[in-house]
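Everything on this sheet refers to the single structure shown next.
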There are 2 protein chains.
Amino acid sequence: MPRIGLDARAVIDAAAELADAEGLDAVTLASLAKRLRVKPPSLYNHLDGLEGVRRALALRALREIDARITRAAVGLAKDEALIAIAAAFRTFAREHPGLYTASLRAPDRGDDELAAAGNEIVAVVASVLAGYGLGNEDALHATRGLRAIIHGFASLEAAGAFGLPLDLDESFRRLLRAFIAGLQPRDG
Amino acid sequence: MPRIGLDARAVIDAAAELADAEGLDAVTLASLAKRLRVKPPSLYNHLDGLEGVRRALALRALREIDARITRAAVGLAKDEALIAIAAAFRTFAREHPGLYTASLRAPDRGDDELAAAGNEIVAVVASVLAGYGLGNEDALHATRGLRAIIHGFASLEAAGAFGLPLDLDESFRRLLRAFIAGLQPRDG
DNA sequence: GCTCAAAACTAATGATATTAGTTTTTAAAC
DNA sequence: GTTTAAAAACTAATATCATTAGTTTTGAGC
């Protein structure tokens, strides 16, 4: 048959566009196939079913986040680096709501590649926090905290949970500021 | 036919149990019907299809969260109240992962009842924050921040994203402490 | 030009949601 | 107590989707 020249990359590209434009739930093998002018079973030549598509989207999202926050933090340290990382993360979630959602719904169940991608992100955050001279345990708690803040804010924002007409950037800035202030060596 | 005595309440009860036990995605009309010893179409007598079930789960979750955090904050103020609310919220998410997920996937699109339930929760948090004597705008930013923290931590925890064997309660406590410290009147 | 693996296809199956229309039960109205 | 009518269950049918099996065709390498 016409041999349309499909490969995994092209399928995932289409899936990512669809997810961002119409939501992750709109990504079905049927909708993907139609968009690629192919019949659904053909997609199995390139990816492992719908689950495979979801996994690939999650992986792409995690790697893109990693690349962005790494780039954002280049040449910066401490507060500046944290702020830059948080901003980059949040920007990604806003620009790619579908991909971002995919990164959250991931199974991770014994999937080393996916876990590794996630760990890369954690490692970037952790390395910045290392600059504060925290102890090992303190640094881990701080990493968790920062993750929770960024993820919490980004996902609520993506869900449209912040209805009020009040500057979101300012809300995020204040939250980060409070967190950063708490990183300074405690003496009370 | 045998008239099994079903009503909306019973259907939602079953859906909630199923969601918590096997995940929200396991809640299908087919699985629900089987559990209730009924054929799938019968469910339409009580709820508006699968979307209706999901909406009902979200509503139940929001109301339960509201009830729990309200109860938790009774007789407390400021830091103690915030900590109690945060703990109650997080406990709910852990005890009812399926319901909690349902509360996040809600559409909210022009659904006044759902929006009202969400606003109740926000109002509880806001009223505690009012005790800090913040200005109007400051209080709104703070409400957003606290929501992000609690939701972020709870959902990452629910997703099993915190792999390390390090005390989660302690991580959460520290995060809250930093946030609370940032609420004190600024003078620098 | 042959060969063969890969990429597309058709056909079929099974799960699901949903709608339409039917039967049966129950409870209220008389 | 009988009638009636709404509600709750059903059966049957349709449509969408994912997935598997098996088939055809293409195109690259020999």
Side-chain angles (χ1 to χ4, degrees), chain A residues 1-60 98-99 101-102 105-107 109 111 114, chain B residues 1-60 98-99 101-102 105-107 109 111 114:
Chain A
M1 289 284 130
R3 213 57 160 236
I4 213 149
L6 219 50
D7 62 358
R9 169 67 179 272
V11 175
I12 302 169
D13 283 349
E17 281 175 29
L18 195 56
D20 284 338
E22 302 184 25
L24 186 57
D25 290 338
V27 178
T28 65
L29 292 187
S31 65
L32 260 183
K34 175 167 279 189
R35 171 179 279 239
L36 294 166
R37 300 177 179 282
V38 147
K39 303 297 175 186
S42 304
L43 299 175
Y44 285 80
N45 287 320
H46 308 289
L47 282 161
D48 194 11
L50 184 60
E51 206 50 50
V53 172
R54 297 213 178 110
R55 178 186 175 279
L57 287 178
L59 199 55
R60 171 172 295 197
L99 272 180
T101 304
R105 295 228 196 127
R109 267 274 288 153
D111 186 332
L114 212 51
Chain B
M1 290 286 133
R3 214 57 159 240
I4 214 152
L6 219 51
D7 61 0
R9 171 66 181 272
V11 175
I12 303 170
D13 283 349
E17 281 175 30
L18 195 56
D20 285 337
E22 303 184 26
L24 186 57
D25 290 338
V27 178
T28 65
L29 292 186
S31 66
L32 261 182
K34 175 167 278 187
R35 170 178 280 238
L36 293 166
R37 299 175 181 283
V38 145
K39 303 297 176 187
S42 303
L43 299 174
Y44 285 80
N45 287 319
H46 307 291
L47 281 162
D48 194 13
L50 184 60
E51 206 50 48
V53 172
R54 296 213 179 110
R55 179 184 174 281
L57 287 178
L59 199 55
R60 170 172 293 195
L99 272 180
T101 303
R105 293 228 198 129
R109 264 278 287 157
D111 187 331
L114 213 52

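These values consider heavy atoms only, across backbone and side chains, with no hydrogens, waters or symmetry-generated copies. Naming convention: chains lettered A, B, ... in sequence-line order (proteins, then strands); numbering from 1 in each chain.
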Exercise for the section: In whole angstrom, give the distance that lies between atom CG of A:Leu36 and atom P of C:dC9. Expected result: 11 Å
Practice task
Let me have a per-nucleotide readout for nucleotides 13-19 of chain D, 5' to 3', with B, S or -, counting only protein heavy atoms under 4.0 Å.
Solution key: ----SSB
Handout entry: Validation row: B:Asp13, B:Arg60 side chains within 4.5 angstrom (heavy atoms)
Key = yes
Problem - Whole-Å distance separating the CG atom of A:Leu6 from the P atom of D:dT25 - result: 20 Å
Exercise for the section: Drop me the distance from B:Lys34's NZ to B:Thr28's OG1, to the nearest 0.5 angstrom. Expected result: 9.5 Å
Problem - Pairwise distance CG(B:Leu18) to CG(B:Asp25) - rounded to 0.5 angstrom - result: 11.0 Å
Practice task
Rounded off to whole Å, could you give me the CG-to-P distance for the B:Asn45 and C:dT23 pair?
Solution key: 17 Å
Problem - Atom-pair distance (CG on B:Asp7; C1' on C:dT25), nearest Å - result: 17 Å
Completion exercise
The single option from B:Leu57, B:Leu59, B:Asp7, B:Val53 that satisfies side-chain contact (heavy atoms from CB on, under 4.5 Å) with B:Ile12 is B:Leu57
Practice task
Indicate whether OP1 or OP2 belonging to C:dC9 is found under 4.0 Å from a side-chain N or O atom of A:Ser42.
Solution key: yes
Problem - Atom pair CG/CD of A:Leu29 and A:Glu51 - distance to nearest 0.5 Å - result: 10.5 Å
Exercise for the section: Output yes when at least one side-chain N/O atom of B:His46 is less than 4.0 Å from OP1 or OP2 of D:dA7, else no. Expected result: no
Fill in the blank from the handout: Whole-Å distance, B:Leu43 CG to D:dT11 P, equals 14 Å
Handout entry: Step-by-step side-chain contact (heavy atoms from CB on, under 4.5 Å) determination, B:Arg54 to B:Leu47
Key = CA-CA 10 Å; B:Arg54 296 213 179 110; B:Leu47 281 162; over 6 Å; no
Practice task
Specify the separation, in whole Å, of atom NZ of A:Lys39 and atom P of D:dA21.
Solution key: 22 Å
